[in-house]
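The next block holds one structure in the form of structure tokens; read it before the comments.
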Amino acid sequence: MNDADHPPSGRARSLLRSVAPDLTPWRSSRDFRLLWFSGCVTSLGSFLTYVALPVQIKELTDSYVAVGLIGAFELVPLIVFGLWGGALADALDRRRLVLFAEAGLGVLSALLLLNALLPTPVLWPIYLVAALVAAADGLQRPALDSLTPRIVPHDQLTAAFALNSLYRNVGSVAGPALAGVIVAFAGVQTAYALDVLTFGASLLLLARIRAVPPPTGAEKPTLRAVVTGVKYAWSRKDLLGTYAIDLVAMLFAFPVAIFPFLASDLSADWALGPMYAASAVGALAVSATSGWTSRIHRHGRMLVLAALGWGAAITLAGFSGSVWLVLLCLAMAGSADQISGIARSTMWNQSIPDEVRGRMAGVELLSYSVGPQLGQVRAGGMAGLVGVRASVWAGGVACVVGVVALAAALPSLLGYDDRTDPNAAAVRAEHERAAAQREESERSPARQGAAGA
């Protein structure tokens, strides 16, 4: 076969198809399309409030401590209700739980709007609403994350996560910029009002998704059910490895809290905004070229290599004295983190049985939310002891060492292969049985109608 068989334009199209996002979940699942567009709308509105909240607190108090207290008020409700939300997701209709939580989040945004419209807005309701939003998010997120495996075929789960991450990363880049413009020129009241409207649109989309009832014989949402879920996670060392590696990576190599000081240290205060956006840009680049991820089977190795890449990129950012190289390293770190996220999500969705999927989503919520919170404390405290750049590169080195140690201690993580893993095979078989039952139930009315005719 010579070059004439593959002209340049044909090779370019072939390359584009190999890296372009896999749109199969969009085409095969109406419910996934509705869920995806709902997520797009909600993501945009959430960034409006994400930016407006600290701006409003700053206007009311002019205190760094007061702004930082938002995270403290959010952490405990997120942990408690994240675990409880996982138990609820396994016992109730997941679509209905997502819908009710979305409605609650919309009401809370309306409360922020009402407070902002007062002649003199009050501070304490903002903290109260922030805590309640964290609680509602904790209740919703496990059901939301465990909904996708029920509405997307098993072999399309990697593509589905990549498509979900695409809108999230676009939102991470464009959302804060748009929110900043709206808050600066129209005020926080307008931002809150637009957020309320996005919740209304999202609810209309979610309401059209078909019911997703719990499995037959689902365990009731009790403390015992929560403990059962935690025990299951502990029994699966490959899953335990995904949680542990993500926690280590965020604990040691998440220096976002000291970006303002890093920008000053590099004599580039203008770079603060780009620093916050750089990792999202890198993640977006992976999401936009994620077609290759559907052809990966050794997701444990994919996760470990990506986590090592994250740590190495953060290490190089700490050693660098060039702001441009720092921005490049942060973008590389974001790309590695996105690859890691695709690997983790695929392993979770492919190999966790539906009857405990919600509770595992609750555990996952803790693994990727607590780590960044503690990582910011680590980065700030270490920067006070050894300096800003040393805090960054030392955290990156610690991340690499920790990931290597965990990979060595948990060989089942490196050995995970969705083609041979017994847990993935069992979940795949259950998906195939459920699909066959749905197809049979859809045929039965047609047969009865034909017989009557």
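Each residue takes its place number in the sequence, starting with 1. All values derive from a computational prediction rather than experimental measurement.
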>> Test of understanding: with ring-ring contact (aromatic ring centres under 6.0 Å, His included), list the residues that count as partners of W84, not counting sequence neighbours.
In response: none

> Among all residues two or more places apart in sequence or in another chain, which pass the ring-ring contact (aromatic ring centres under 6.0 Å, His included) test with F319?
Replying inline: W393

Nearest 0.5 angstrom please: [X] [atom1] to [Y] [atom2], how far?
{"X": "H299", "Y": "T242", "atom1": "NE2", "atom2": "OG1", "answer": "12.5 Å"}
{"X": "L328", "Y": "L316", "atom1": "CG", "atom2": "CG", "answer": "8.0 Å"}
{"X": "I296", "Y": "R301", "atom1": "CD1", "atom2": "CZ", "answer": "11.5 Å"}
{"X": "D337", "Y": "R344", "atom1": "CG", "atom2": "CZ", "answer": "6.0 Å"}
{"X": "R210", "Y": "I151", "atom1": "CZ", "atom2": "CD1", "answer": "9.0 Å"}

Keeping [X] on the side-chain end and [Y] on the backbone end, is there a donor-acceptor pair under 3.5 Å?
{"X": "R359", "Y": "E355", "answer": "yes"}
{"X": "Q140", "Y": "V98", "answer": "yes"}
{"X": "T61", "Y": "I57", "answer": "yes"}
{"X": "T190", "Y": "A186", "answer": "yes"}
{"X": "S279", "Y": "L330", "answer": "no"}
{"X": "R357", "Y": "P149", "answer": "no"}
{"X": "S29", "Y": "P25", "answer": "no"}
{"X": "S38", "Y": "L34", "answer": "no"}

> Who pairs with R96 by side-chain contact (heavy atoms from CB on, under 4.5 Å), at least two apart in sequence or on another chain?
Replying inline: D93, F100

> Partners of L117 by side-chain contact (heavy atoms from CB on, under 4.5 Å), sequence neighbours excluded?
Replying inline: L113, Q189

Would you say [X] and [Y] make side-chain contact, with heavy atoms under 4.5 Å?
{"X": "W310", "Y": "S340", "value": "no"}
{"X": "P142", "Y": "D90", "value": "no"}
{"X": "L410", "Y": "D238", "value": "no"}
{"X": "S28", "Y": "P153", "value": "yes"}
{"X": "F199", "Y": "S109", "value": "yes"}
{"X": "V427", "Y": "I352", "value": "no"}
{"X": "I209", "Y": "L206", "value": "yes"}
{"X": "M302", "Y": "I342", "value": "yes"}

>> Show, in sequence, the C-alpha distance, side-chain angles and deciding distance for L262 and M275, and conclude whether the side chain to side chain contact (heavy atoms under 4.5 Å, CB included) test is met.
In response: CA-CA 9 Å; L262 180 60; M275 283 183 183; 4.0 Å; yes

How far apart are the closest heavy atoms of [X] and [Y], and which atoms are they?
{"X": "D195", "Y": "T198", "result": "O-OG1, 2.6 Å"}
{"X": "V188", "Y": "A52", "result": "CG1-O, 3.8 Å"}
{"X": "A160", "Y": "T148", "result": "CB-CG2, 4.0 Å"}
{"X": "S335", "Y": "G282", "result": "OG-O, 2.8 Å"}
{"X": "A143", "Y": "R94", "result": "CB-O, 4.0 Å"}
{"X": "A211", "Y": "R95", "result": "CA-CD, 4.3 Å"}

> Do Y127 and E74 have side-chain N/O donor and acceptor atoms under 3.5 Å apart?
Replying inline: no

>> Is it true that S351 and R236 share a donor-acceptor pair across their side chains at a distance under 3.5 Å?
In response: yes

> According to the salt bridge (Lys or Arg N to Asp or Glu O under 4.0 Å) rule, which pairs have a member within residues 376-389, sequence neighbours left out?
Replying inline: D265-R389

> F32 and Q156: side chain to side chain contact (heavy atoms under 4.5 Å, CB included), yes or no, with the steps?
Replying inline: CA-CA 11 Å; F32 178 76; Q156 298 174 19; over 6 Å; no

>> Let's go through V248 and L251 carefully: what are the C-alpha distance in whole Å and the side-chain angles of both, what is the deciding distance for side chain to side chain contact (heavy atoms under 4.5 Å, CB included) to 0.1 Å, and is it a yes or a no?
In response: CA-CA 5 Å; V248 164; L251 172 62; 5.7 Å; no

> ring-ring contact (aromatic ring centres under 6.0 Å, His included): which pairs involve residues 220-257, sequence neighbours left out?
Replying inline: Y243-W348

> How are the rings of W324 and W270 set relative to one another: parallel (under 30°), tilted (30 to 60°) or perpendicular (over 60°)?
Replying inline: tilted

> Can you list the steps and then say if L413 with L239 is a side chain to side chain contact (heavy atoms under 4.5 Å, CB included)?
Replying inline: CA-CA 7 Å; L413 175 63; L239 291 183; over 6 Å; no

